[in-house]
Amino acid sequence: MQWGTPSPRGSAAAPLPASGIILAGGESRRMGRDKAMLPTAQGPLLLHVARTLAATCAEVLVVDRPPGRYRHLGLPLVLDRFPGRGPLAGLHAGLEAMTYPYGLVVACDMPGLAPAVARFLVEQALAAERRGSPVDAVVPLRNGRPEPLLAVYARRLAPVAEALLEQGSRPLRALLEAPGVRVIWVDEADLRQVDPDLRSLVNVNTPAEWAAWQRARDSSG
Ligand SMILES: Nc1nc2c(ncn2[C@@H]2O[C@H](COP(=O)(O)OP(=O)(O)OP(=O)(O)O)[C@@H](O)[C@H]2O)c(=O)[nH]1
C-alpha cells in the first residue's frame with residue numbers, strides 16, 4: 001500500500017491547516033528491527049501513522065536521519081540537520097520544513113493514534129491563536145508527566161530547538177522548559193474524553209510491547 005491511496009475508513013471532517021510531523025529517525029535498538037516498518041493491516045507502521053495523521057493535518061512530513069530510509073513509501077521526507085541527536089533533532093528539522101505555523105509531532109512507533117486526539121490537540125493551538133493568546137506547544141500529561149512525543153509545537157520554536165541542539169543532544173523536554181516557551185498542558189481527564197484508554201499515547205519499543213499491542217488490538221476486535 002502506497003502513500004496517497006485513499007483511506008479505507010475515510011474522514012468526515014476536513015484536515016486542519018496544520019502540519020503533521022512523524023519522527024522516524026531513531027535506531028530501534030530495543031525493538032531489534034526498524035519500528036517504522038513493523039507490519040500492520042494498513043501496511044508498514046509508518047504509513048499507517050501517516051495516513052491517520054493526514055485525516056487531521058493538511059500536510060504530513062516524515063523526518064528521518066540522513067540519508068533517509070523511507071523514500072520507497074512515497075511520503076514527503078525531511079532529513080535531520082543534527083544527525084544522531086535524537087527526537088529534538090527530528091522536531092527541529094520538521095519545524096523548519098513545515099508549511100503551517102503549528103505542527104503535531106508523533107513518534108513513528110505510536111500505532112494507536114486516534115484522529116480525534118490529533119484533532120483535539122491541534123485545535124487547542126489554533127483556538128489559542130484565534131483568542132489572541134498564542135501558545136508555543138500543546139502537550140498531554142499522563143500521570144502528571146509530559147508526553148512530548150505526541151504534542152503540538154509552533155514553528156517559531158525552530159530557533160529555540162536549534163540553540164539547544166548546538167549545545168549537544170538534549171531531550172525534547174528541554175524545549176518545553178526553555179525560557180518564555182508557553183505551553184498548554186492537556187489534562188489526562190480531558191484527553192480521555194476523546195480517547196478513553198489513552199491508546200494514542202502507547203508507543204512500542206520492544207518486541208514484547210509490540211506483541212502486547214497486537215494482542216490488545218485482536219481482543220478488542
Ligand atoms: N528524526 C529523528 N527521529 C528520531 C531520532 N531519534 C529518535 N527518533 C524518533 O523519536 C521517536 C522516539 O525514539 P526512541 O524510541 O526514544 O528511540 P529509538 O532510537 O527509535 O529506539 P531505541 O534505539 O530503542 O532507543 C521514534 O519515533 C524515533 O524514530 C533522531 O535522531 N532523528
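Both backbone and side-chain heavy atoms feed into the values below; hydrogens, waters and symmetry mates do not. Indexing begins at 1, ligand by ligand and atom by atom, following the structure's order.
Residues that satisfy the side-chain hydrogen bond (donor to acceptor under 3.5 Å, both in side chains) test with Glu188, not counting sequence neighbours, are Arg192. With sequence neighbours excluded, the residues forming a side-chain hydrogen bond (donor to acceptor under 3.5 Å, both in side chains) with Gln167 are Arg170, listed by chain and number. Under the rule for a ring pair (Phe, Tyr, Trp, His ring centres under 6.0 Å), the partners of Phe82 that lie at least two apart in sequence or sit in another chain are His92.
Taking the ring centre of Trp213 as origin, the terminal cationic atom of Arg199 falls inside the region bounded by 6.0 Å and 45° from the ring axis.
Side-chain atoms of Tyr102 and Asp136 form no donor-acceptor pair, as typed in the model, at a separation below 3.5 Å. Looking at Asn205 and Lys35, their side chains do bring a donor and an acceptor atom within 3.5 Å of each other.
Ligand 1 is surrounded by Leu23, Ala24, Gly25, Gly26, Glu27, Ser28, Arg29, Arg30, Lys35, Val63, Asp80, Gly86, Pro87, Gly90, Ala107, Cys108, Asp109, Leu149, Asn205, each with at least one heavy atom closer than 4.0 Å.
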